[in-house]
S.K.: 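Below you'll find the structure I mean.
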Amino acid sequence: MAAHKSPPPFPSFFIPTFLLLTVSSLSAYSLSFAAPSPSPSSSSLYATFLHCLTQQTNSSSTQLSSIVFDRTNASFSTVLQNYIRNARLNTSSTPKPLIIVTPLQESHVQATVICANTVAVQIKIRSGGHDYEGISYVSDEPFIILDMFNLRTITVDIASETAVVQAGATLGELYYNIWKNSKIHGFPAGVCPTVGVGGHLSGGGYGNMLRKYGLSVDNVIDAQIVDVKGRILDRKSMGEDLFWAIRGGGGASFGVVLSYTIKLVTVPEVVTVFRVERNYEDNSTDLVVQWQQVAPTTDNRLFMRLLLQPVTSKVVKGTKSVRATVIALFLGGADEVVSILSKEFPLLGLKKENCTEMSWIESVIWYNDDADYNSGAKPEILLERNLNSASFLKRKSDYVQTPIYRDGLEWIFKKMVELGKVGFVFNPYGGKMAEIPADATPFPHRAGNLFKMQYSVNWDDPSPGAAQNFTNQAKRLYSYMTPFVSKNPRSAYLNYRDLDIGINSFDAHSYQEGEVYGSKYFNDNFQRLAKIKTAVDPQNFFRNEQSIPTLPSNTKA
């Protein structure tokens, strides 16, 4: 896997897991966070902050200089850019942090929280950098980045079928470590290996085993978090409310997640993957109609992702049409999945020669990039972090609760072609997802949802005009989809972060502003999240553009 390879057209950053927030227009939002006034200069803040850190950690400034970077440090730009995954948020005009802290041990995290509180500067917490809108490393107020990438220890215990994984580890590192210990265990999380565990799990986390095993957070049994007072709390000491909140409510609203304890799941020795493409001229519309009927209701061992993207027509020269691609993982053998789909999904026309049987860890490599798998890549490729590798991108999300009828699909396809580049990723639900109550975790999108939609567009042109054009395309397609998606609220997925749906300025109307995006991400769970936030962080120290707000002062928590 090349270090600077462009991601596939529809990467699953869930990164995580990313309108019109172009980098150049970021300041146009005029975010009036509760920042200190006057703002500290970088040099004065660095001296004060470093002095506080030395006191809190009993370390010398020389010892801490390897983990604390201010803007004058020669490594500052490299450390900042290493984990920026959206090039749209990596320009000269993008607001930069005053300091970056890269903790090597838990006490460094505790000290950073205490000292940032002392000097009244906002913290941005970054684990993998896949947040689509860059809220872990961009802010309009003076801020510090707490970058967790060094805290990546993973301990696997096959006897208890559990693992403890630190927030700065990547999904690829987690999968590799599970594989090293067992060939029949896995974990239900995202297919992009460079996504950081901290953000992925705290926002919900899903992958191609969600119909069998649910979300990542449905398989979390403990956690460690540094709270606003700098204390390290586990599930017992933090209490069930806070433990509930950081399993899908976004950890960065409540503290700094250090690690999660996860329950591993069993996987068969042989799994099956396949990719089937169908062009519009080959009846892709009817294929999509049937996919909607089958994908959320079929055997829960089968996950069939559907990609829709505008492509050059192979029939009418110089025109575009829409191609449908089904990419699937089946937790079983090829003969069985072919038999299932010959009955349930005849329009797919799946044959055994379309399928490839492999181990689960091989399917992780294949699903991320089948070119890597076909070139003979070994599981060690999952350990590559691909630093400073970013594409220009924009993502949005929706949920579909009623099948989109054929004429509606035809109209949508027409609009996709007119716009030019934005595509869809449809991720089916059903199975385990329909069995878990909507309030079991903050993630509410369970029974009643057929599939989640991701709007996806990538581009290479670094100009502000290109960013404006492609983000506008995504916004327009989102608008066109209004009749076909969930309503009251029009729901969204937290890990597909999207600042179009609301931003909090943390003024007198902070709760009302938070409710706008909070109701979309969390539906009826938003109120409980706000109560927990008010109880554990009443001064709203842990905040970002879409964090959970505290309750109004006249409301009892």
Side-chain angles (χ1 to χ4, degrees), residues 8-10 12 208 211 274-299 302-330 337-338 340-351 354-355 395-430 448-458 473-487 490:
F10 295 92
S12 295
N208 52 19
R211 303 189 64 254
F274 64 81
R275 174 193 292 263
V276 176
E277 294 184 351
R278 191 81 80 244
N279 291 311
Y280 178 79
E281 297 82 4
D282 300 320
N283 207 15
S284 65
T285 308
D286 287 336
L287 179 96
V288 177
V289 170
Q290 196 165 81
W291 178 92
Q292 294 178 93
Q293 299 165 353
V294 176
T297 60
T298 189
D299 191 305
L302 177 57
F303 178 84
M304 293 188 290
R305 169 174 281 179
L306 176 68
L307 311 183
L308 298 174
Q309 58 195 124
V311 296
T312 301
S313 173
K314 293 183 177 181
V315 176
V316 184
K317 188 175 182 179
T319 65
K320 281 193 169 186
S321 64
V322 174
R323 181 176 67 206
T325 305
V326 178
I327 304 177
L329 170 71
F330 177 65
V337 72
V338 170
I340 291 170
L341 292 182
S342 66
K343 300 180 183 71
E344 297 183 6
F345 198 179
L347 286 180
L348 187 64
L350 186 68
K351 298 179 174 58
N354 304 130
C355 301
R395 304 289 188 265
K396 299 176 73 66
S397 63
D398 261 319
Y399 285 88
V400 174
Q401 299 172 337
T402 304
I404 303 172
Y405 51 90
R406 192 183 193 285
D407 288 348
L409 287 171
E410 291 278 1
W411 183 82
I412 292 165
F413 290 177
K414 179 182 176 183
K415 293 300 181 184
M416 291 174 69
V417 168
E418 288 176 359
L419 289 171
K421 193 167 175 62
V422 185
F424 287 124
V425 186
F426 290 0
N427 296 285
Y429 278 19
N449 291 288
L450 297 177
F451 56 95
K452 174 174 59 188
M453 294 171 47
Q454 182 189 69
Y455 301 73
S456 177
V457 60
N458 288 34
Q473 283 191 32
K475 185 179 182 182
R476 288 177 65 187
L477 188 56
Y478 180 84
S479 177
Y480 294 149
M481 291 303 297
T482 303
F484 307 104
V485 299
S486 61
K487 299 170 179 63
R490 181 173 182 172

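Basis for what follows: all heavy atoms, side chains included, without hydrogens, waters or symmetry-related copies.
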S.K.: Do you know the tightest heavy-atom contact between V337 and F274?
M.R.: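 What the structure gives for the nearest pair is CG2-CE2, 4.2 Å.
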S.K.: Tell me, do P346 and Q290 make a side-chain contact under 4.5 Å, heavy atoms counted?
M.R.: yes
S.K.: Look only at the side chain of K320 and the backbone of G420, and say whether a donor-acceptor pair between them is shorter than 3.5 Å.
M.R.: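 Yes, because the side chain of K320 sits within donor-acceptor range (under 3.5 Å) of the backbone of G420.
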S.K.: Do you know which two heavy atoms are closest between Q292 and I404, and how far apart they sit?
M.R.: OE1-N, 2.6 Å
S.K.: Step by step, would you call Q454 with R305 a side chain to side chain contact (heavy atoms under 4.5 Å, CB included)?
M.R.: CA-CA 11 Å; Q454 182 189 69; R305 169 174 281 179; over 6 Å; no
S.K.: Return the CG to CE distance between L308 and M416, rounded to the nearest 0.5 Å.
M.R.: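 Result: 5.5 Å between the selected atoms.
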S.K.: Are the side chain of K314 and the backbone N or O of T312 linked by a donor-acceptor pair below 3.5 Å?
M.R.: no
S.K.: Can you give me the closest heavy-atom contact between L347 and D286, atom names plus distance?
M.R.: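 Smallest interatomic distance, heavy atoms only, reads CD1-O, 3.5 Å.
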S.K.: Please enumerate all residues that pass side chain to side chain donor-acceptor pair (under 3.5 Å) together with K343, with sequence neighbours excluded.
M.R.: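 Result, side chain to side chain donor-acceptor pair (under 3.5 Å) vs K343: S339.
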S.K.: Does any part of the side chain of Y478, heavy atoms only, come nearer than 4.5 Å to the side chain of D398, both counted from C-beta?
M.R.: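 The answer is yes; the side chains approach within 4.5 Å.
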S.K.: Might you confirm whether atom NZ of K317 has over 12 heavy atoms from other residues, nucleotides or ligands at distances under 6.0 Å?
M.R.: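 No, not enclosed.
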S.K.: Measure the CZ-CG distance between R323 and D282 for me, rounded to the nearest 0.5 Å.
M.R.: 11.5 Å
S.K.: What heavy-atom pair brings S284 and F413 nearest, and what distance separates the two atoms?
M.R.: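 Result for this residue pair: OG-CE1, 4.2 Å.
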S.K.: Measure the shortest side-chain to side-chain distance between F345 and L287 over non-hydrogen atoms and say whether it is less than 4.5 angstrom.
M.R.: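 With C-beta onward as the side chain, the pair touches.
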S.K.: Give, for atom OG1 of T285 and atom CG of N283, the distance between the pair rounded to the nearest 0.5 Å.
M.R.: 6.5 Å
S.K.: For E410, enumerate each residue passing the salt bridge (Lys or Arg N to Asp or Glu O under 4.0 Å) test, keeping only those at least two apart in sequence or located in another chain.
M.R.: R406
S.K.: Which label fits W411 and F484: parallel for a plane angle under 30°, tilted from 30 to 60°, or perpendicular past 60°?
M.R.: tilted
S.K.: Considering non-hydrogen atoms only, spot the tightest contact between A328 and M304 and give its length.
M.R.: CB-CG, 3.8 Å
S.K.: Find the distance between OG1 (T325) and CZ (R278) and round it off to the nearest 0.5 Å.
M.R.: 10.0 Å
S.K.: Apply side chain to side chain contact (heavy atoms under 4.5 Å, CB included) to E344 and T297, showing your working.
M.R.: CA-CA 10 Å; E344 297 183 6; T297 60; 5.5 Å; no
S.K.: Name all residues meeting the ring pair (Phe, Tyr, Trp, His ring centres under 6.0 Å) criterion together with F426; count only those two or more places apart in sequence or in a different chain, and write none if there are none.
M.R.: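 Result, ring pair (Phe, Tyr, Trp, His ring centres under 6.0 Å) vs F426: W291, F424, F451.
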S.K.: Could you report the tightest heavy-atom contact between S321 and E281, atom names first, then the distance?
M.R.: OG-OE2, 3.4 Å
S.K.: To the nearest 0.5 angstrom, please state how far the OG1 atom of T298 sits from the CG atom of L341.
M.R.: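 One gets 5.5 Å once the value is rounded to the nearest 0.5 Å.
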S.K.: Quick one: CD on E418 to CZ on R476, what's the gap to the nearest 0.5 Å?
M.R.: 8.0 Å
S.K.: Does a donor on one side chain and an acceptor on the other come within less than 3.5 Å for R490 and T482?
M.R.: yes
S.K.: More than 12 heavy atoms of other residues, nucleotides or ligands under 6.0 Å from NZ of K415: yes or no?
M.R.: yes
